[in-house]
Amino acid sequence: MRAILPRPGPNRSNDIHDPMLLLLTTASGRLVTDELYVNTGAGYEVRTEVLAAGGIATVGLGVDRVVSHTPALTWGGSIPADWRPRFATAYDLEVQAWVDAVRRGDHVDPLAATSWDGYAAAAVCEALVQALTADGAQVEVRLRSRP
């Protein structure tokens with residue numbers, strides 16, 4: 001993982017660097033980029049794009065949209081001001097699934113995140129914090145062997 005910290009934007013707060021670009025390489029050699037710009041004033045947007053040999057698939061332009069980019073197809077729309085239009089229903093459903101499982105004396109969906117997933121996420125965050133002060137140098141994500 002590498003963190004690229006360009007010149008700070010004019011609206012950044014003193015306690016965070018804004019914007020920033022994170023470059024991650026997966027174990028299989030795929031490149032992942034994460035661009036963060038919190039204080040743009042342009043609304044709340046979370047977008048995922050997969051770039052592949054046959055085109056680009058984008059999730060997150062607006063609410064509940066998947067867009068395929070090919071030479072003949074584009075989409076335009078609005079961006080919400082904050083997270084609620086995009087995630088409120090998902091959060092409600094997640095909490096309700098947990099409540100229902102507790103009432104049944106059961107577990108939530110076995111395909112849901114596990115404690116190992118939480119550990120792996122924490123390890124990635126730890127590497128990110130190190131990368132923020134590594135002047136663009138590569139920082140390895142260190143995981144213990146999975147039990």
Side-chain angles (χ1 to χ4, degrees), residues 1-98 101 107-147:
M1 170 182 307
R2 289 180 43 202
I4 309 295
L5 305 176
R7 183 172 55 103
N11 299 323
R12 83 172 177 112
S13 62
N14 289 330
D15 59 337
I16 62 169
H17 191 94
D18 197 23
M20 65 177 76
L21 173 66
L22 309 174
L23 303 172
L24 299 90
T25 304
T26 67
S28 65
R30 303 293 195 259
L31 179 64
V32 176
T33 63
D34 192 354
E35 302 169 25
L36 297 112
Y37 202 161
V38 175
N39 294 299
T40 65
Y44 184 85
E45 181 181 5
V46 177
R47 175 176 57 214
T48 300
E49 294 182 325
V50 176
L51 286 70
I56 303 168
T58 303
V59 178
L61 289 172
V63 179
D64 299 326
R65 298 204 186 263
V66 176
V67 179
S68 296
H69 298 262
T70 62
L73 182 64
T74 60
W75 174 84
S78 62
I79 298 171
D82 64 31
W83 63 272
R84 287 172 287 194
R86 176 102 184 248
F87 296 109
T89 300
Y91 287 150
D92 289 346
L93 292 172
E94 182 179 25
V95 170
Q96 189 62 56
W98 178 79
H107 295 89
V108 180
D109 180 356
L111 298 177
T114 65
S115 57
W116 177 260
D117 297 320
Y119 164 70
V124 170
C125 290
E126 181 179 17
L128 169 61
V129 169
Q130 293 172 6
L132 290 173
T133 59
D135 292 325
Q138 183 78 15
V139 174
E140 296 297 319
V141 175
R142 297 194 191 323
L143 292 176
R144 295 181 180 180
S145 296
R146 186 173 185 163

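Counting all heavy atoms, side chain and backbone alike, Pro19 lies closest to Pro6 at O-CD, 3.5 Å. Closest approach of Val141 to Ala127, counting heavy atoms only: CG2-CB, 3.8 Å. Smallest separation of non-hydrogen atoms from Ala120 and Leu143: CA-CD2, 3.8 Å.
Between the CG atom in Leu36 and the CG atom in Asp18 there is a gap of 8.0 Å [rounded to 0.5 Å]. Put simply, CD on Glu94 and OG1 on Thr89 are 12.5 Å apart, with the number rounded to the nearest 0.5 Å. The CG atom of Leu5 lies 4.5 Å from the NE2 atom of His17; values are rounded to the nearest 0.5 Å. The distance from the CG atom of Leu22 to the CZ atom of Arg2 is 11.0 Å, given to the nearest 0.5 Å.
Sorted by first and then second residue, the side chain to side chain donor-acceptor pair (under 3.5 Å) pairs with a member in residues 27-37 read Thr26-Ser28; sequence neighbours excluded. Listed by first and then second residue, the side chain to side chain donor-acceptor pair (under 3.5 Å) pairs that reach into residues 115-137 are Thr114-Asp117, sequence neighbours excluded. A ring-ring contact (aromatic ring centres under 6.0 Å, His included) check over residues 121-143, counting only residues at least two apart or in different chains, returns nothing.
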Quiz prompt | Intermediate values then yes/no, side-chain contact (heavy atoms from CB on, under 4.5 Å), Met1 and Leu23 | solution = CA-CA 6 Å; Met1 170 182 307; Leu23 303 172; over 6 Å; no
